[in-house]
Amino acid sequence: MRQLLLSLVCLGATASTAWGQDAINLETLTTIKSATVFVKVPIGKKLVTGSGWLMKVDGETGYLVTNHHVVADAPKPQSAAYPIVTVVFRSGTPEEHTARAEVLAAQREPDLAVLKVTGVKGLPKPIDFSQPRELVETMPVMVFGFPVTGLDRVKNPPVTVTRGSISSIRDDGIVQLDANLNPGNSGGPIVDAKGRLVGIAFARPKARDKDQEPITGIGLGVPASLLTRMLQGRIADCVIGSKKAWIGTAEVQIEVRLIDPMEKIKTVTIHHVQMAALKGQQALPELSGAQTVELKVEKQQAAGTLTVSTAAPGVVSFFCQASCVNGAGKALLAELVPFHVNFPRDAADEKGDLLVLAREAHGSQVHDVRFSPDGKTLATAGAWDDMLKLWEVDKGWKSTSLKGHKKYVFAAVHAVAFSPDGKMLASASNYKEDQGIRLWDIATGKQLLRFEMNKIGVWQIAFSPHGKTLAAGGDDNQVILWDVASGKKLGNLKIPKERLGGWLRPIKCLAFSPDGRTLATGGTDQTIRLWDMDTRKEVTAFAGHDGSVLAVAWTPDGSTLASASGDGTVKLWDVPGCKERATLRHTSRSVRAVAFNSDGTLLATASVEGIVRLWNVAGARELASLSHGGYSNYCVAFSPDDRYLAANGGPRGSYLVVWRVAQALEQKAGK
């Protein structure tokens, strides 16, 4: 995929000098060239390209293989699972033929995708991969594809053949080549001298030496064995959808997505049980008492309804697990998926409306909203009315005001945070003359401390999980750390100006990891940075947004970090793996806030288009969208029991709006 791989080092090959009897004969060469296709994915006026190859022919239907990143990472039409893909057979020759391809399945790891074309007459002979050859170092290979040499051509390019040899076989099965291919070779076949498939070329991250010069001459290929395994089918993920609860019982919608391009999996079984019964076991089929539901598979998906029950009201946690038998007759077991149900306390709660509250909270925009740890109190920060409000959740949403911030028309009380024990509330303004951060006693409503910021505007604050430290992100590209008990400054985390092009870049958002050992920050440098709180040094940086990073949030287990940006997207980051998991395309406008529910299965996002969206985290899919008044949403928060979702809304964004989560999930996404 050329456009994507311009920033990547692609697989390559240096010509082997001693081929002897391993030279490919003309008939085999012609067969492999004919089976190699030019892959094209249009993105607006631009064109992303790559390579692929024909693996199976059934009359006028052909099945092809390419890389996941060639066809799955490009923008796609609205409501489509994959982008538009075109393949060119016998590219660059008088016999070339173009066909529209359907993406049957795409798998990020390994980097593979399977395509299908129909109604194509005279399909070439496919490449044989039914008898994979034993791979050894020094084995000569050839890589077929359409590298960067064709970028400047008006016509489709002819196939290129590059020779090399296997230099290493890694523990994960990936084949390393002494090769140096170019962007566009991604997805092309790697074959031996007899035309048997050795692997599929794919890109690797850019690598540089100590002098920052690109390292070349190393290429990677996905082995044929991993393609064979993919074609037998597997479970990709389980998505928990809407939940409809009554007193003591509930119906939970579940969808299982398969990676099964040849449709060999016929049924999927769902096993489910209350979390309290699991007791450390990792496989629900082995657990006595687990209930099962059989789901029929259609078009690589299985959907159905689970019925769960409990004797007590409130939030009850469950586990479910999917199992199936793949095309090779092997039993497969997916990972455990946690979910919870909020069972109604009484009949009134059971029939509650979706919209709980829509009340003007402040004289101007509400910039932050937070629930107390016990869920009994909700705090809101008004943008320009120098005011905080505390709302009593179970007492008719009555409110009291906390006053003390300085009022200024072009600044805002921008952030609030409850201490972990719920006894204190911190608040901060981005108005430099407001003199720092204020700490309030919840019981009395009185101000306890004021942390002086030396006329630095503050955009976000957060208590550490143990409650002893308060972190504040300021205008001057640094995070100030405070001792909560004494009000003394503990130090700071600062990004050198030279790393930011000589400019001061405000820290727009920050969040402590659940164990308190790491702090995530984001700002106008479009980067998420992770800081070790013991050494107070930056340990990891995630880059990928095209706009300011405006909000970050951790899953409760600390494995995933969500980031919201001015580029209209939310990204999910695999923290242990230091890589991006998924991109959620929220809107064409800024996404201002993100929040996970109590078990990390749901993510709420809020944007300036005035819409709050609910997403399933495991499947990175939108489940519901909510709005009130069509004005910018700056904040969003789940109640600790996941019963409520709060945000700002209304005509001027000055309203506190609260929805019931269970009822929201019953509605179809987008309505």
Give the minimum heavy-atom separation between [X] and [Y], together with the two atoms involved.
{"X": "A664", "Y": "A624", "value": "O-CB, 3.4 Å"}
{"X": "T605", "Y": "V594", "value": "CG2-CG1, 3.8 Å"}
{"X": "G547", "Y": "D567", "value": "N-CB, 3.8 Å"}
{"X": "V117", "Y": "V87", "value": "CG1-CG2, 3.8 Å"}
{"X": "F638", "Y": "A604", "value": "CE1-CB, 3.6 Å"}
{"X": "I259", "Y": "Q107", "value": "CG2-OE1, 3.6 Å"}

Strictly below 4.0 Å, N to O, side chains only: are [X] and [Y] in salt-bridge contact?
{"X": "E102", "Y": "K116", "result": "no"}
{"X": "K579", "Y": "E109", "result": "yes"}
{"X": "D192", "Y": "R196", "result": "yes"}

Can you measure from [atom1] ([X]) to [atom2] ([Y]) and round to the nearest 0.5 angstrom?
{"X": "Q274", "Y": "S309", "atom1": "CD", "atom2": "OG", "answer": "7.0 Å"}
{"X": "I32", "Y": "L54", "atom1": "CD1", "atom2": "CG", "answer": "10.5 Å"}
{"X": "L104", "Y": "E263", "atom1": "CG", "atom2": "CD", "answer": "7.5 Å"}
{"X": "F343", "Y": "R643", "atom1": "CZ", "atom2": "CZ", "answer": "14.0 Å"}
{"X": "I240", "Y": "L306", "atom1": "CD1", "atom2": "CG", "answer": "6.5 Å"}
{"X": "W659", "Y": "L626", "atom1": "CH2", "atom2": "CG", "answer": "5.0 Å"}

Could you check F129 against T228 for side-chain contact (heavy atoms from CB on, under 4.5 Å), going step by step and ending with a plain yes or no? CA-CA 8 Å; F129 69 101; T228 300; 4.0 Å; yes

Checking side chain to side chain contact (heavy atoms under 4.5 Å, CB included) against I190, which of L220, L177, L197 comes through? L177

The single option from T36, V88, V39 that satisfies side chain to side chain contact (heavy atoms under 4.5 Å, CB included) with F146 is T36

How about [X] and [Y]: does a side-chain donor come under 3.5 Å of a side-chain acceptor?
{"X": "Q301", "Y": "E255", "result": "yes"}
{"X": "T560", "Y": "R581", "result": "yes"}
{"X": "D642", "Y": "S598", "result": "yes"}
{"X": "K571", "Y": "T583", "result": "yes"}
{"X": "T305", "Y": "Q253", "result": "yes"}

side-chain hydrogen bond (donor to acceptor under 3.5 Å, both in side chains), that's the test. Do E294 and T269 meet it? Break it down for me. CA-CA 5 Å; E294 295 288 334; T269 302; 2.8 Å; yes

For the CZ atom on R229, are there more than 12 heavy atoms of other groups (residues, nucleotides or ligands in this structure) within a distance under 6.0 Å? no

If you draw a 6.0 Å radius around NZ in K244, do more than 12 non-hydrogen atoms from other residues or ligands fall strictly inside? no

Would you check if L602 and V617 make a side-chain contact, meaning some heavy-atom pair closer than 4.5 Å? no

Could you tabulate the donor-acceptor pairs under 3.5 Å formed by side-chain atoms of residues 326-339, not counting sequence neighbours?
unit_1 : atom_1 : unit_2 : atom_2 : d
N326   : OD1    : A328   : N      : 3.0
N326   : OD1    : G329   : N      : 3.2
N326   : OD1    : K330   : N      : 2.9

Residues that F542 engages under ring-ring contact (aromatic ring centres under 6.0 Å, His included), provided they are two or more places apart: W573

Evaluate the side-chain contact (heavy atoms from CB on, under 4.5 Å) criterion for residues V37 and L64: first the C-alpha distance (whole Å), next the side-chain angles of each, then the deciding distance (0.1 Å), finally the verdict. CA-CA 9 Å; V37 298; L64 305 103; 3.6 Å; yes

Could you please spell out the steps behind the side-chain contact (heavy atoms from CB on, under 4.5 Å) verdict for V252 and V308? CA-CA 8 Å; V252 179; V308 297; 4.2 Å; yes

Donor-acceptor check, side chain of D58 to backbone of E60, threshold 3.5 angstrom: yes or no? no

E137 side chain vs I166 backbone, donor-acceptor pair below 3.5 Å: no

Show your reasoning for whether side-chain contact (heavy atoms from CB on, under 4.5 Å) applies to V273 and L287. CA-CA 9 Å; V273 72; L287 183 65; 3.9 Å; yes

